[in-house]
Amino acid sequence: MKDVKSKMLVLSCFIMIICITPLEAAIPSRIKKIIDDVNKEGPYLGIVVPNAFEMNPLLNSSNFVVNSKLPYLDFQGRRFHLGTVKNKKVIMVMTGLSMLNSGLSTQLLLTLFKIKGIVHFGIAGNANSNLQIGDVTIPQYWAHTGLWNWQRYGDDAQDELAFEASGDYTRQYGNLNFSDYDVDQKKSGSYLNSVWYQPEEVFPVTGTPEVRQHAFWVQVDQNYYNLSQKLEGMNLTRCVNATTCLPRSPIVARVDKGCSANTLVDNAAYRQFLQSKFNITPIDMETAAVALVSLEFDKPFIAIRSLSDLAGGGSAQSNEAAIYSSLAAENCVAVAVKFISLLKY
């Protein structure tokens, strides 16, 4: 009996070692000590930015005051910049292009550090004919429009989708029918048929593990959105240089919806479809992932996106972002800084 108890004790210790070791291996003790010290000074406002040309105007400006003790921490291929913006303690991370990178970076930020909210900013394509390049948009809702159920040829809108009966997929949010865009309208249908837009499966920290919820439209934090109304009327940059200026001074516009997917949209027909189907204004490749991760972590979130091009709806020669991306980035940073200055914590 004594031998059995001894073996059970050894087994219990072994199981504890197995459970503990991966955590220690995932975060080296030296890094973990730094993170613990950083968190003692928290909580922080998280700033999430897609690319360097969008982040550098803030990082290199007087609005960002670098933490003198620890300017940045590198971990898992990401650099987390520590400092203050308008006397608010912030940790800023550049994600890189795409939904995957933005989701991973946001999850790392929220997992490692004490973060009280997320401000995300960058440039975007514009699907709204009422707005122009250089305008800065703040949507109330975001959707990932790149998760599809691609319907087989021969089926139509009344036919059940594959795995729809089991609750995995739905026709609730509508479809894009490729034959509607055939150049030769004499042909009947298209072998590509239709794609049906799908909500993401999410597992919020407030929910039950392994019990999925669904989210198509993710709402930004209502308090943040209400506060953003004070940004309307800001003076923004109109000219790229002495000879290249926009038709009017850019504005800050709170809009209904924005969308993201792993697709750079430079196509007039798809731009118009997204606007008419979902009432989309900014189109980008990162924000919906940041929104979904913030939703899962139950953290307040807002996105500020400046319009750098017309997503294929403008000049037939080239995408306008080649000319206006720097101006759009400058305006976006200005609005983000002003928003942060308005926060009460």
Side-chain angles (χ1 to χ4, degrees), residues 45-59 61 63-64 81 85-86 88 90-95 102 105-106 109 115-128 131-143 218-237 249-260 280-295 299-309 311 321 324-343:
L45 180 68
I47 301 178
V48 179
V49 192
N51 291 299
F53 74 89
E54 295 157 311
M55 181 180 70
N56 285 342
L58 174 55
L59 190 63
S61 75
N63 289 308
F64 184 82
H81 298 269
V85 174
K86 297 300 181 180
K88 310 298 193 305
V90 303
I91 299 179
M92 179 163 59
V93 61
M94 188 191 83
T95 68
S102 56
S105 300
T106 305
L109 176 68
I115 301 297
K116 53 194 170 185
I118 295 288
V119 173
H120 173 65
F121 68 83
I123 66 171
N126 175 28
N128 187 339
L131 296 176
Q132 70 166 23
I133 290 170
D135 290 345
V136 179
T137 64
I138 305 174
Q140 188 171 15
Y141 297 91
W142 285 90
V218 180
Q219 186 174 4
V220 305
D221 180 75
Q222 191 61 50
N223 291 329
Y224 282 7
Y225 191 70
N226 292 342
L227 186 63
S228 71
Q229 186 174 11
K230 295 183 179 181
L231 303 172
E232 295 173 345
M234 283 185 63
N235 292 321
L236 299 174
T237 300
S249 296
I251 62 171
V252 178
R254 298 195 309 160
V255 297
D256 189 23
K257 295 170 181 174
C259 72
S260 312
I280 296 297
T281 295
I283 307 169
D284 66 46
M285 301 175 68
E286 296 86 20
T287 304
V290 182
L292 286 159
V293 173
S294 299
L295 172 66
K299 294 293 183 180
F301 153 85
I302 195 168
I304 299 167
R305 284 283 184 162
S306 184
L307 306 176
S308 61
D309 62 271
Y324 292 105
S325 59
S326 61
L327 179 147
E330 180 182 341
N331 283 345
C332 199
V333 168
V335 174
V337 168
K338 180 63 175 178
F339 175 79
I340 292 170
S341 75
L342 295 173
L343 292 171

Measure across [X] and [Y] and return the closest heavy-atom pair with its distance rounded to 0.1 Å.
| X | Y | value |
| --- | --- | --- |
| Gly46 | Ile115 | N-CG2, 3.7 Å |
| Glu54 | Val49 | CB-CG1, 3.6 Å |
| Ala291 | Trp142 | CB-CB, 4.4 Å |
| Ile304 | Cys332 | O-SG, 3.1 Å |
| Ser105 | Thr95 | OG-CA, 3.4 Å |
| Ala124 | Pro282 | CB-CB, 3.8 Å |

Is [Y] close to [X] at the side-chain level, that is, under 4.5 Å between some pair of heavy atoms?
| X | Y | value |
| --- | --- | --- |
| Phe339 | Leu227 | yes |
| Phe301 | Thr287 | yes |
| Val335 | Phe121 | no |
| Ser294 | Val290 | yes |

My understanding is that only one of Asp135, Asp284, Thr281 makes a side chain to side chain donor-acceptor pair (under 3.5 Å) with Arg305; could you say which?
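Filter result, single survivor: Asp284.
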
Euclidean distance, [Y] [atom2] relative to [X] [atom1], rounded to 0.5 Å:
| X | Y | atom1 | atom2 | answer |
| --- | --- | --- | --- | --- |
| Ile302 | Leu343 | CD1 | CG | 9.0 Å |
| Ser228 | Asp221 | OG | CG | 10.5 Å |
| Glu232 | Arg254 | CD | CZ | 5.5 Å |
| Asn331 | Met234 | CG | CE | 8.5 Å |
| Ile118 | Leu45 | CD1 | CG | 7.5 Å |
| His81 | Phe64 | NE2 | CZ | 7.0 Å |

Do [X] side-chain atoms and [Y] backbone N/O form a donor-acceptor pair below 3.5 Å?
| X | Y | value |
| --- | --- | --- |
| Asn126 | Leu131 | yes |
| His120 | Val48 | yes |
| Lys230 | Leu342 | no |
| Ser308 | Ser325 | no |

Pick out which of Leu109, Ile340, Val93 makes a side-chain contact (heavy atoms from CB on, under 4.5 Å) with Ile47.
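For Ile47, the side-chain contact (heavy atoms from CB on, under 4.5 Å) check succeeds only for Ile340.
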
Above 12 or not: heavy atoms from other molecules or residues under 6.0 Å from [atom1] of [X]?
| X | atom1 | answer |
| --- | --- | --- |
| Lys299 | NZ | yes |
| Asn226 | CG | yes |
| Lys86 | NZ | no |

